[in-house]
Amino acid sequence: MIIMEKVRGILIGRMQPVHNGHMQIINKVLDEVDEVIIGIGSAQLSHELKDPFTAGERVVMMSQALADAGVDPSRYYIIPMQDINFNAIWVSHVKMLTPPFSVVYSGNSLVKQLFSEEGFEVRQPPLYDRLHLSGTEVRRRILEDDNWQELVPKATADVLAEINGIERLKNLSVKEISDI
Ligand code: NAD
């Protein structure tokens with residue numbers, strides 16, 4: 001009997017917040033591999049202008065968005081991962097936290113560099129409307145009361161409503177400007 005080994009891919013992102021670009025990459029990854037590990041990066045950060053949401057809040061955005069999209073839950077793992085100060089051993093740190101994987105999906109040059117140095121196959125996902133589909137653009141639109149909802153899955157908007165996320169981001173921006 002031949003037992004086929006599962007091919008697992010990993011995608012790591014800050015997901016501040018989860019947006020439609022992340023969801024499109026995950027769809028593409030699941031076309032190519034059996035299972036995807038979704039790393040919620042910089043898990044220790046929250047309540048900062050660039051990193052407003054906690055790891056737990058980002059986990060809910062992602063798991064609910066995948067459920068809404070009808071993705072089979074046996075095909076993904078969502079794992080929060082804290083940063084460590086040592087880039088040279090970051091890949092080992094990620095491996096310690098995750099199921100074994102062989103393919104890394106990233107458009108982030110440092111992430112690509114560190115994993116390829118450790119011998120992983122690194123694939124660059126296509127860019128999906130990167131001008132608009134980025135965490136920076138979503139956060140900018142939230143602060144400027146522009147239409148951010150069109151850039152994110154409904155689950156992200158639901159979490160923001162539940163945690164008063166818009167108010168949080170606006171308060172953070174006022175505080176940081178007055179600190180200057
Ligand atoms: P991100 O949320 O900006 O992006 C996640 C991934 O999605 C990236 O590969 C990005 O290229 C891709 N992506 C985003 N929008 C896209 C779009 N519209 N179309 C196609 N692809 C798109 O997160 P990030 O900044 O790449 O996250 C990397 C994480 O790894 C961070 O949390 C970082 O701190 C962590 N990291 C930590 C260390 C360390 O601790 N030493 C080292 C390297 C990286």
Side-chain angles (χ1 to χ4, degrees), residues 8-33 35-66 69 71 76-98 101-142 146-153 155-157 159-160 165 169:
R8 277 191 208 100
I10 188 167
L11 172 76
I12 302 173
R14 285 174 33 246
M15 324 258 177
Q16 287 284 12
V18 171
H19 58 66
N20 293 334
H22 298 129
M23 303 316 292
Q24 290 190 58
I25 305 171
I26 291 168
N27 259 327
K28 162 104 177 117
V29 172
L30 284 173
D31 282 345
E32 297 184 3
V33 296
E35 294 179 355
V36 61
I37 299 159
I38 302 162
I40 305 290
S42 305
Q44 80 283 6
L45 296 180
S46 71
H47 297 81
E48 294 179 13
L49 209 42
K50 269 187 76 184
D51 292 280
F53 308 115
T54 67
E57 289 159 356
R58 290 174 275 156
V59 167
V60 180
M61 291 172 197
M62 181 55 76
S63 54
Q64 193 56 53
L66 289 165
V71 179
Y76 59 83
Y77 307 82
I78 304 174
I79 301 181
M81 27 188 88
Q82 296 196 9
D83 293 328
I84 54 168
N85 282 327
F86 310 99
N87 284 335
I89 56 169
W90 180 63
V91 170
S92 300
H93 169 72
V94 171
K95 281 166 69 181
M96 178 187 75
L97 297 170
T98 55
F101 58 90
S102 53
V103 190
V104 177
Y105 289 86
S106 184
N108 177 310
S109 42
L110 176 61
V111 172
K112 289 193 288 185
Q113 178 72 30
L114 295 177
F115 277 105
S116 36
E117 283 184 16
E118 296 299 321
F120 282 90
E121 179 186 344
V122 176
R123 296 184 194 162
Q124 158 107 40
L127 281 178
Y128 301 101
D129 188 12
R130 188 60 175 150
L131 195 60
H132 300 111
L133 292 180
S134 76
T136 307
E137 175 64 6
V138 177
R139 296 191 304 275
R140 185 194 69 75
R141 287 195 188 189
I142 290 174
D146 202 351
N147 183 359
W148 56 272
Q149 290 90 343
E150 67 178 2
L151 306 180
V152 301
T156 294
V159 171
L160 262 62
L169 201 53

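Both counts, for ligands and for their atoms, begin at 1 and track the order of listing. Just so it is clear, the structure is predicted and the values come from calculations on it, not from any experiment. Heavy atoms only: backbone and side chains are in, while hydrogens, waters and symmetry mates are out.
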Novice: What residue and atom, counting heavy atoms only, is the protein's closest point to atom 4 (O) of ligand 1, and at what distance?
Specialist: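 That would be His22 NE2, 3.9 Å.
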Novice: Within the structure, is a non-hydrogen atom of His19 found at a distance of less than 4.0 Å from ligand 1?
Specialist: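 Flag set, His19 near ligand 1.
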Novice: Using 0.5 Å steps for rounding, measure from the CG atom of Asp146 to the CD atom of Glu137.
Specialist: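 If I round to the nearest 0.5 Å, the distance is 7.5 Å.
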Novice: Just heavy atoms, cut-off under 4.0 Å: does Pro126 contact ligand 1 by side chain, backbone, both, or neither?
Specialist: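 Just the backbone.
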Novice: Answer side chain, backbone, both or neither: which part of Asn85 comes under 4.0 Å from ligand 1, heavy atoms only.
Specialist: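 Asn85 to ligand 1: no contact under 4.0 Å from either part.
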Novice: Give the residue, atom name and distance (to 0.1 Å) of the protein heavy atom nearest atom 5 (C) of ligand 1.
Specialist: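 Minimum-distance protein heavy atom for atom 5 (C) of ligand 1 reads Gly13 CA, 3.4 Å.
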Novice: Is there a side-chain contact between Asn20 and Pro153 (heavy atoms, below 4.5 Å)?
Specialist: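 Yes, side chains in contact.
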Novice: Looking only at protein heavy atoms, identify the closest one to atom 14 (C) of ligand 1 and say how far it is in Å.
Specialist: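 For atom 14 (C) of ligand 1, the nearest protein heavy atom comes out as Arg130 NH1, 3.1 Å.
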Novice: Is the closest N or O pair between Ile84 and ligand 1 shorter than 3.5 Å?
Specialist: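 Among all N and O atoms of Ile84, at least one is under 3.5 Å from an N or O of ligand 1.
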Novice: Pull out every atom of ligand 1 sitting under 4.0 Å from any heavy atom of Met15, numbered as shown with elements.
Specialist: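 Those qualifying, in numeric order: 2 (O).
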Novice: Can you name the atoms of ligand 1, numbered from 1 with element, that are less than 4.0 Å from a heavy atom of Ser42?
Specialist: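 Listed by number with element, the hits are 31 (C), 32 (O), 33 (C), 34 (O).
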Novice: For atom 18 (N) of ligand 1, grab the closest protein heavy atom and report residue, atom and distance to one decimal in Å.
Specialist: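 Of every protein heavy atom, Tyr128 O, 2.7 Å lies nearest to atom 18 (N) of ligand 1.
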Novice: Can you tell me how far CG of Leu114 sits from CH2 of Trp90, rounded to the nearest 0.5 angstrom?
Specialist: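 Here the rounded value is 6.5 Å.
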Novice: Between Leu151 and His19, which heavy-atom pair has the shortest distance, and what is it?
Specialist: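 Taking every non-hydrogen atom into account, O-CB, 3.4 Å.
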Novice: Out of curiosity, Met15 CE to Ile78 CD1, how far, rounded to the nearest 0.5 Å?
Specialist: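 Going from the CE atom of Met15 to the CD1 atom of Ile78 covers 9.0 Å.
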Novice: Under 4.0 angstrom from ligand 1, any heavy atom of Gly39?
Specialist: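 No.
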Novice: Considering both backbone and side-chain atoms of Leu133, is one of its nitrogen or oxygen atoms within less than 3.5 Å of a nitrogen or oxygen in ligand 1?
Specialist: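 Yes, there is a polar N/O contact under 3.5 Å.
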Novice: At their closest point, which heavy atom of Phe53 faces which heavy atom of Arg58, and how far apart are they?
Specialist: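 Shortest heavy-atom contact: O-NE, 3.0 Å.
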Novice: So which protein heavy atom does atom 21 (N) of ligand 1 come closest to, and at what separation?
Specialist: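 That would be Ile25 CD1, 3.1 Å.
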Novice: Mind listing the closest non-hydrogen atom pair of Glu32 and Arg123 along with its distance?
Specialist: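 Nearest heavy atoms, Glu32 then Arg123: OE1-NH1, 2.9 Å.
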Novice: From atom 6 (C) of ligand 1, work out which of Leu114, Ile12, Ile26 has a heavy atom at the shortest distance.
Specialist: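 Looking at heavy atoms only, the winner is Ile12.
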Novice: Check Glu150 against Asn147 and note the closest heavy-atom contact, atom names and distance.
Specialist: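 That closest heavy-atom pairing would be N-OD1, 3.2 Å.
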Novice: Under 4.0 Å, heavy-atom basis, I'd like to know which part of Leu127 is in contact with ligand 1: side chain, backbone, both or neither.
Specialist: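 It is both backbone and side chain that touch ligand 1.
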Novice: Quick one: does Asn87 get an N or O within less than 3.5 Å of an N or O on ligand 1?
Specialist: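 In this structure, Asn87 places an N or O atom under 3.5 Å from an N or O of ligand 1.
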Novice: Could you label the plane-to-plane angle of the Phe120 and Phe101 rings as parallel, tilted or perpendicular, counting under 30° as parallel and over 60° as perpendicular?
Specialist: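 Correct class here is parallel.
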Novice: Report the nearest protein non-hydrogen atom to atom 30 (O) of ligand 1: residue, atom name, distance rounded to 0.1 Å.
Specialist: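 Ranking protein heavy atoms by distance from atom 30 (O) of ligand 1, first comes Trp90 CZ2, 3.6 Å.
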Novice: Give the residue, atom name and distance (to 0.1 Å) of the protein heavy atom nearest atom 23 (O) of ligand 1.
Specialist: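 Of every protein heavy atom, Arg14 N, 3.0 Å lies nearest to atom 23 (O) of ligand 1.
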Novice: Among all protein heavy atoms, pick the one closest to atom 9 (O) of ligand 1 and tell me residue, atom and distance.
Specialist: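 Looking at atom 9 (O) of ligand 1, the protein heavy atom closest to it is Gly107 N, 2.9 Å.
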Novice: Find the distance between CD (Gln64) and OG1 (Thr156) and round it off to the nearest 0.5 Å.
Specialist: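 Going from CD on Gln64 over to OG1 on Thr156, the span is 10.5 Å.
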